[in-house]
Amino acid sequence: MIKNHEFTKLFPRGTKLPQIDAIRDTLKVLDLEGLKQVNQNVVKTAVENKVFDNGTIDGYTVAAIDGTKFFGSNKKSCPECLKNTKGNKIHSFHSGAVISTVGKKMN
C-alpha cells in the first residue's frame, strides 16, 4: 500500500513514510496486551453509552466491522503470520478486524 501511494492524502507533502522493514520491526515489539486492553475499554464504553443500541440505518447509528490485511510479503515472515499459497509461492501476512461507527445520533 505504501508503494502504491495509498497514504499520500493522509500526510503533508514531502513527508517521508517509513519502509515496511521499519514498520515490521516496530510491530515486533508492540505491547499487544496493552492494545487489547485499550480495545476492550473502547467497546465497553461504547456499550455503556448505548452507541450500538439501534444498529440500523433507521436508528441513525450504524456499526461496520471489516477485516483487512495489514502487512504482507512473499519473502519475509514471522511465526505469527497467516499464510496463503498461490501456485508454488507462499504469501505471509497479518490481518485484523476494524470497527467503525457512523450516524447522526451518536451517544
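Side chains are part of it too, since the values below use all heavy atoms of this structure and drop only hydrogens, waters and symmetry mates. Quick caveat: nothing in here was measured; it's all calculated off a predicted structure.
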Nearest-0.5 Å distance that lies between atom CD in Gln40 and atom CG in Leu35: 10.5 Å

Any Arg24 side-chain heavy atom under 4.5 Å of Cys78 side chain: no

Would Leu30 and Phe93 show up in the same hydrophobic cluster when neighbours are defined by side-chain heavy atoms closer than 4.5 Å? no

Is any side-chain heavy atom of Asn41 closer than 4.5 Å to a side-chain heavy atom of Val38? no

Glu80 CD to Leu27 CG distance, which is reported to the nearest 0.5 Å: 12.5 Å

Kindly state each residue pair satisfying salt bridge (Lys or Arg N to Asp or Glu O under 4.0 Å) with at least one member in residues 29-44, sequence neighbours excluded. Glu33-Lys36

Check this for me: Ile90, atom CD1, are more than 12 non-hydrogen atoms of other residues, nucleotides or ligands nearer than 6.0 Å? no

Sequence-distant partners of Asn74, side-chain hydrogen bond (donor to acceptor under 3.5 Å, both in side chains), two or more places apart: His91

For residues 82-89, which side-chain donor-acceptor pairs fall under 3.5 Å, sequence neighbours excluded?
residue: Lys83; atom: NZ; partner: Ser92; partner atom: OG; Å: 3.4

